[in-house]
Enquirer: 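This is the structure, below, for whatever I ask next.
So that the names make sense, note that chain A is the first sequence line, chain B the second, and so on, each numbered from 1. Everything quoted here is computed from the prediction, not taken from an experiment.
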Amino acid sequence: MNDLLSLIKKDLTSLIEKLFNEDVIKNNISNKLTIDYNSKSKQGDLSSNLLFILKGQILNKSFNINEYVENYLSNLEYIETIDIHKAGFVNIVLTKDYISNYLNKIYILENIYTKTNKQKINLEFVSANPTGPIHIAHLRGAVLGDVLSSILERIGHEVTREYYVNDAGSQITILGNSLFKRYQELCGKNIQFLDGEYPGNYLIEIAEEIKNSDNEKWLSVKDSNEVQSYFEQYAVKYLIKKIKDDLLLLNIKFDQFTLESEIVKNNLIDKVFSILKDKNLIYEGILEKPLTVDTEDWEPRKQLLFRSTTFSDDNDRAFQKSNGEWTYFANDAAYHFDKYKRGYDKLINIWGADHIGYIKRMVSIVDVFSNKKEYLKVIVCQIVRLFKDNQLLKISKREGNFVTLQEIYKQVGKDPLRYFMISTKNETPMDFYMDKVVEKNKDNPVFYCQYAYARASSVINNAKKLPNIDISKISFTDFDNLSISKFEWEIILKLISWPYILQDAASTMQPHKLTNYLEDLCSSFHAFWNKGKDDSSLRMLDENNITSTISRIIWIQSFRNILKEVFTIIDISFPENM
RNA sequence: GCGCCCGUAGCUCAGUGGAUAGAGCAACCGCCUUCUAAGCGGUAGGUCAAAUGUUCGAAUCAUUUCGGGCGCGCCA
């Protein structure tokens, strides 16, 4: 929490403790205390539920709690006035000095954030299979993961951005096969794709590369394993490179790529297996037929199962296939074991909505080997529906005709993509209108906020031209409380609440709180800008009133500083001129 | 059938125990000789899907119902 609120909370908490120690109230209920920036009513800067929670606790009915609280608070140095609302809210107006003191930190961009206990966090996201290019279904998680990482870094954590590459398993075999078919096709053979194979055009490019360097050499290689493995590896390597390049369009970079094949090679599954075995969480059993499978396709078989139901999952889950191979789940568990062994304080995964059913077993198994509760946090992002010309772009998984990141990027660009992908809460399904996000008007919050920054920058540039003010010599000691209007104090209070907003976004892991804040703050700025048209005393620059002009330059610079902070975290541009 | 998520203004969404439930768009009425009108102000628009419960207080929590999305092999 930000210094300001935690300081005041400390004082209110000790008030509650005092009342408890003096036997005025029944219980120490300080854990129910809340204090917040007062955005809802205009009755003060901050509000607290203090009296609500004290009311039911008073032992002596004749004790005048309102008066007691009022006296106590009035003596605190940072409180200008307090107002006890009849419903039970305590509304606090802070002294101008106190608010100015915090504004100063933002003006000089120092000590804005309270030091947190630094944690080593691993954030795994995207992790799309290297069987095709990045497309719309991966986009939201990609940006969400990147921005969330930046948020956590900003408050002092050390974040590893990680990508897990599923380069083992049957999908990769099929990929290799499909690529070889494309190669054969280029060599003049007739080919046909089966259901479940990869007919996408992107494999043709890869096949062309191979044909250009090796000609028809692979047609005559007898060892089919050699062919298979060559085409698999070539495809995976090529596609990983392509995925990296695509993500770079949005400036998304990873610190680490971990290969499933390496996890398998290092026998980590055996280790996880023996831990489970020791804890009696694995057994040989037969699963019931799932509802989604036709009866004729189902054959009950004995295999090793993980006791997922112990952790309130619907079913126990297959850990080893009946043919002796490990399941995908086993590999993935081993991968998480690997992350755990690397010594992170916390693991975060971002998954698409299509993996919801997989969360329970993964979180459970990580709990088991890490011996920690909620060591792994899985964030789910809901699907994005893409609209163009107000028409829903239908996708068919079967045909694999997803709109690729590259295609969307070409039409929309980086800033709107990054902004909109995080501006809706991750659990809410999102509609993305490709035409609207590039419009340059109020309809489009990206431009609305960037425009506010440009306007503020323009004020500062004009201030540099004022004959009687040297902007480079302004320091915070020149800030005059009295020349600031009421409306501006509201903006300044919003600036001060920024560390609280960031902290909140970090602890709830919800980056959309940043864009909400940004839009609210910029709206206040645009409103104030226009007030100067009706009332010339509210114009930001006034040659005839140096004191108020200097004070305004200070908060406008602070406003720009905060905007820069938010834009930087979201990683979109902030042009000075538009 | 089961699990998770969602249901808030005509539309897209915030708000998830607190005050008279908020923004933007769309509609209607206004504001450019002066710091960027790519902007601002105002009007209108609500059974917070429904019911019951929990308590000082519920859009928010619980239970149930209805509607929508996603998922429900030994695939990945």
Enquirer: Look at the side chain of Arg455(A) and decide which nucleotide, out of U36(B), A14(B), C40(B), has an atom nearest to it.
Expert: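 Among the listed nucleotides, the one closest to the side chain of Arg455(A) is U36(B).
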Enquirer: Side chain of Trp529(A) only, heavy atoms from C-beta on: which candidate in A38(B), C70(B), C35(B) is closest?
Expert: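 Nearest listed nucleotide: C35(B).
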Enquirer: Would you sketch RNA chain B in dot-bracket for me? Only Watson-Crick or G-U wobble pairs with both distances under 3.5 Å count, crossing pairs as [ ], other-strand pairs as |, the rest as dots.
Expert: (((((((..((((....[...)))).(((((.......))))).....(((((..]....))))))))))))....
Enquirer: Evaluate the ring planes of Trp529(A) and Phe525(A), with Trp represented by its six-membered ring, and classify them as parallel (under 30°), tilted (30 to 60°) or perpendicular (over 60°).
Expert: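 Tilted, since the angle between the ring planes falls between 30° and 60°.
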Enquirer: Please classify the nucleic acid contact of Ala527(A) as base, sugar-phosphate, or nothing, using heavy-atom distances under 4.0 Å.
Expert: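 Sugar-phosphate, backbone atoms only, no base.
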Enquirer: Hey, would you say the Tyr164(A) and Tyr335(A) ring centroids sit under 6.0 Å apart?
Expert: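 Yes, the ring centres sit under 6.0 Å apart.
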Enquirer: In whole angstroms, how far is the P atom of G3(B) from the CZ atom of Phe311(A)?
Expert: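 Checked: the CZ to P distance equals 19 Å.
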Enquirer: With heavy atoms under 4.0 Å as the rule, sort Thr131(A) into base, sugar-phosphate or nothing.
Expert: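 The residue Thr131(A) makes no contact with any strand.
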Enquirer: Does one side chain, of Ser573(A) or Asp415(A), offer a donor that lies under 3.5 Å from an acceptor on the other?
Expert: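 Per modelled atom types, Ser573(A) and Asp415(A) side chains form a pair under 3.5 Å.
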Enquirer: Could you tell me how far apart Phe447(A) (CZ) and A37(B) (P) are, to the nearest whole angstrom?
Expert: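 Going from Phe447(A) (CZ) to A37(B) (P), I get 17 Å.
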Enquirer: U36(B), OP1 or OP2 - any side-chain N/O from Asn462(A) closer than 4.0 Å?
Expert: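 Yes, because at least one side-chain N or O of Asn462(A) sits under 4.0 Å from OP1 or OP2 of U36(B).
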Enquirer: If you restrict it to nitrogen or oxygen atoms, what contacts under 3.5 Å exist between nucleotides 5-11 of chain B and the protein, and what is each distance?
Expert:
from  : atom 1 : to        : atom 2 : distance (Å)
C5(B) : O2'    : Glu427(A) : O      : 3.0

